[in-house]
Amino acid sequence: MTREKTTLSQLKSFPLKSADILRGKMDASEFKKFILGMLFLKRLSDEFDLKREVIKKDYGHTGPELLEDKTTYGETFFVPVGARWHES
């Protein structure tokens with residue numbers, strides 16, 4: 001069985017086709033609200049993870065309770081355990 005190579009145009013259209021499947025019959029203007037919200041939450045979680053790694057590196061010897069203290073993160077949004085992107 002010979003497998004065809006994926007073209008660049010097929011690869012570019014894949015995310016759009018996937019989004020169409022996910023949104024179903026929902027209007028694009030409604031759908032974008034969900035997507036923008038998810039992108040915002042993903043960005044918050046990514047920034048939180050970066051800050052968490054810096055804290056681990058700088059203060060890792062002080063224990064895990066420091067990593068779960070909201071005040072440790074300064075101006076970075078604190079993301080609770082159940083809401084972290086990699087845990088969902």
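Note that these values count all heavy atoms, side chains included, but never hydrogens, waters or copies made by symmetry.
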Residues forming a side-chain hydrogen bond (donor to acceptor under 3.5 Å, both in side chains) with Asp46, sequence neighbours excluded: Lys42
Only pairs under 3.5 Å count here: list side-chain donor-acceptor contacts from residues 53-60, not counting sequence neighbours, and write none if there are none.
none

Charged N-O contact under 4.0 Å between Arg43 and Glu47: yes
Donor-acceptor contact present, side-chain Thr72 to main-chain Leu66, <3.5 Å: yes
Non-neighbouring partners of Phe78 that pass ring pair (Phe, Tyr, Trp, His ring centres under 6.0 Å), sequence neighbours left out: Phe48, Tyr73
Contacts of type salt bridge (Lys or Arg N to Asp or Glu O under 4.0 Å), residue Glu68, not counting sequence neighbours: Arg52, Arg84
Separation of Leu36 CG from Leu41 CG (nearest 0.5 Å): 11.0 Å
